[in-house]
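Written out below as structure tokens is the structure these notes cover.
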2 protein chains.
Amino acid sequence: METKGSRSPAMTDVARLAGVSHQTVSRVLNDHPNVKEQTRLRVRAAIAELNYRPNRAARALVTGRSQLIGVVARNSMLYGPASMLTEFEQAAADAGFAVSVGSVRELDRDSISAVVDRHLDQRVAGLVVIAQVASATEALAEIPADVPVVFIDGDPAAGRSLVTVDQVAGARAAVRHLLEAGHETVWHVSGPTEWFDSAGRIHGWRQTLLEAGREVPPLLSADWSAAEGYRAGQMLARMPEVTAIFAANDHLALGVLRALHERGRRVPHDVSVVGFDDVPEAAYFISAADHGAAVVRRCRPGRPDAVAGSAARGTRGSGHGDRSGTIGGT
Amino acid sequence: METKGSRSPAMTDVARLAGVSHQTVSRVLNDHPNVKEQTRLRVRAAIAELNYRPNRAARALVTGRSQLIGVVARNSMLYGPASMLTEFEQAAADAGFAVSVGSVRELDRDSISAVVDRHLDQRVAGLVVIAQVASATEALAEIPADVPVVFIDGDPAAGRSLVTVDQVAGARAAVRHLLEAGHETVWHVSGPTEWFDSAGRIHGWRQTLLEAGREVPPLLSADWSAAEGYRAGQMLARMPEVTAIFAANDHLALGVLRALHERGRRVPHDVSVVGFDDVPEAAYFISAADHGAAVVRRCRPGRPDAVAGSAARGTRGSGHGDRSGTIGGT
DNA sequence: GCAGGCATTGTTATCGATAACATTTCCCAT
DNA sequence: ATGGGAAATGTTATCGATAACAATGCCTGC
């Protein structure tokens, strides 16, 4: 060690300088009871003098648990997951944990297993899985029973610790809003159908129409991008019967808006479009409409209840799926 | 240990089953040369049978280095940093490292120091600082000389390892494009002026106008949000002399577009707006214009050279600052 | 056959912290 | 003064891996 640079001070060095045992240094650092104030101050002074820095690896080795929380998430620029991750990291840091992020390109079993393996090698204190498809659940069978796991946006039926919002209720509110505005029926541009979020929104959309005795039009499924929204919108814009569209997120809605515009369909005069997220930029989307009118407006139905974890709701910020808004709504 | 669950198998257990020393197990796992194939297979079989999982904390303790890379980033939903972080995590994972993300609410010295401390406690193998302001540099004085640090979007003048793109050249290209389209001068809505990115773009904008012998209008500085773009746009929309606007990112441009629209300023008929990022959704922004025309169009000038790290450019994807595009350009 | 060199493997020590158990000190009640 | 109990502190062991050095086996050349 001396040959390639001086060793960092360890607890034993602090102990020697302070004239106590290394165990007492540990007690001071971990706020154990039963340490005299005088002793504590002496140890603190030695820590400062030596510029001692704890080695978390040593602690993890003895305790069998690191101070890391592993996050499993899809490689995604989607506003919802990204905002969620950031909020989560802040909360974890405040609780004294570091966050290790492992992302997967696709939510398939093998990709997820590889990320989980990496986290388990680190002996993470817990795992957070931001997973929207069933394959994530299957991939997690190998997690030891003593590692806490929380799913965000998982399967509401899976019976695991879960933080999510009620996709069905959110979708119902959006569709109801459009029906009450006088539309005969509502068309839906969904996200990927294998995602739990999408399935919930589709279910809510379909149910609400059926309960209202309205025709359920064919579903247009997409991914979460504006490009796919545009593609779906190109179809819908050609159909004069289409007067109300519920898009599964704001980016999809943006694409739909553009397609409508290119076909001369005015929003909200000819067609109403409701998004779902709460992407900050959505407030500034312009839809072609009569000049001088207030073109973009948010319509805020009552907040649906979360399935679980109203405190975690705060962690989620204003995010993903908890509000529907009208872009060019009536 | 037995009292609260069986201990996970360690290297010594694998060694016993395979009939070799624990050192040989380590050699097999770390692909050392000088291990007989026959021995290697025997060890591999024992690893599989025991479902052995390495403990990275033990390794970190002995080597003094963990297999973690610490990232310091601002709590931000901005498209550029978020896409960068995701690409980076993928590259790190491919190289066998986990990424621990520490975010700060503000890029001030104390916040950054706290995050850096957490990473150093973990004995990270390296640090990546996504920092756009000078205070980040000051906060990093305490990093030991033997911890590699890479800045992304730092100060081009700081002489440290840096990955960034040429903000000045990108801005010059955007402004030149607007001048060549016939505009007398170009107005600029910048991001936060203390960010290196903003400073570079402002510099490029100003320089290009001066070199062309054009008047340099007053700068409108903002943050990176559509809301701030809207605020600046409300001013510009009132001034008939304003025919060309260079916005520092696409979200700012979106806000500007909306403000212009509300004042009846047609894009691109009356005003041209150029953004800077390459946010996917920007392709779908609608600007109020003559019906039937192709309303939103991307204009792609030649790519400016990066300051450093063309390989890292790939890591950055199509992202932040390397292209300017016209939203409703001529 | 013997010596030397290289391949292969093993033994001992170490990393820096906490757990577990042991010892000492102090205070109060009888 | 003595004994008991609690507070305060210390000693020993351990965690699971790699580093460093040691030992053994094998092959080739003389």
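Heavy-atom basis, side chains included; hydrogens, waters and symmetry copies ignored. Below, read A as the first sequence line, B as the second, and so on, with proteins coming before strands; counting in each chain starts at 1.
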Between the protein and nucleotides 4-8 of chain C, list every N/O to N/O distance that falls short of 3.5 Å.
unit_1, atom_1, unit_2, atom_2, d
C/dT8, OP2, B/Asn34, OD1, 3.3

I need the [atom1]-[atom2] distance between [X] and [N], as an integer number of Å.
X	N	atom1	atom2	answer
B/Arg59	C/dC15	CZ	P	18 Å
A/Arg40	D/dT9	CZ	C1'	16 Å
A/Leu29	D/dT9	CG	P	15 Å
A/Gln38	D/dA7	CD	P	19 Å
B/Asn30	D/dA17	CG	P	10 Å
A/Asp121	D/dA17	CG	C1'	13 Å
A/Gln67	C/dT18	CD	C1'	12 Å
B/Arg16	C/dT11	CZ	P	13 Å

Show every donor-acceptor pair shorter than 3.5 Å between a side-chain atom in residues 43-53 of chain B and any protein atom, with sequence neighbours excluded, or say none if there are none.
unit_1, atom_1, unit_2, atom_2, d
B/Arg53, NH1, A/Asp117, O, 3.3
B/Arg53, NH1, A/Asp117, OD1, 3.4
B/Arg53, NH1, A/Asp121, OD1, 3.2
B/Arg53, NH2, A/Asp117, OD1, 3.3

Just to confirm, is there a sub-4.0 Å distance from OP1 or OP2 of [N] to any side-chain nitrogen or oxygen of [X]?
X	N	result
A/Thr24	D/dA8	no
B/Arg123	C/dG16	no
B/Ser26	D/dT18	yes

Who passes salt bridge (charged side-chain N to carboxylate O under 4.0 Å, His left out) against [X], sequence neighbours left out?
X	answer
A/Asp146	A/Arg65
A/Asp13	A/Arg7, A/Arg16
A/Arg27	none
B/Asp31	none

Quick one: the side chain of A/His22 and the base of D/dT11, do they pair up donor-acceptor inside 3.5 Å?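 It does not, because no donor-acceptor pair links the side chain of A/His22 to the base of D/dT11 below 3.5 Å.
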
Name the closest nucleotide to the [X] side chain, picking from [options].
X	options	answer
A/Leu61	C/dG16, D/dA13, D/dA17	C/dG16
B/Arg27	D/dT18, C/dG16, C/dG10	C/dG10
A/Gln23	C/dA17, C/dA20, D/dG16	C/dA20
B/Met11	D/dG16, D/dT18, C/dC21	D/dT18

Nucleic acid contacts of residues 43-56 of chain A, taken as heavy-atom distances under 4.0 Å to DNA chain D: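 Result for residues 43-56 of chain A: none.
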
Under a 3.5 Å threshold, yes or no: a donor from one side chain and an acceptor from the other, between B/Asp110 and B/Ser113?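 The criterion, which ignores hydrogens and geometry beyond distance, is not satisfied for B/Ser113 and B/Asp110.
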
If you measure from CD1 on A/Ile69 to CD on A/Gln122, what distance do you get to the nearest 0.5 Å?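 The CD atom of A/Gln122 is 13.5 Å from CD1 of A/Ile69, to the nearest 0.5 Å.
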
With sequence neighbours excluded, tell me which residues meet side chain to side chain donor-acceptor pair (under 3.5 Å) with [X].
X	value
B/Arg42	none
A/Thr12	none
A/Arg118	none

What bend angle does the helix from C/dG1-D/dC30 to C/dT30-D/dA1 show across its length, from five-pair end axes and to the nearest 10 degrees?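 Answer for the end axes of this duplex: 50°.
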
According to the side chain to side chain donor-acceptor pair (under 3.5 Å) rule, which pairs have a member within residues 89-101 of chain B, sequence neighbours left out?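 For residues 89-101 of chain B, and leaving out neighbouring residues, the side chain to side chain donor-acceptor pair (under 3.5 Å) pairs sorted by first residue read A/Ser103-B/Glu89, A/Ser103-B/Gln90, A/Arg105-B/Gln90.
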
May I ask you to test the B/Leu29-B/Met11 pair for a side-chain heavy-atom distance under 4.5 Å?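 In short, these two side chains touch, coming nearer than 4.5 Å.
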
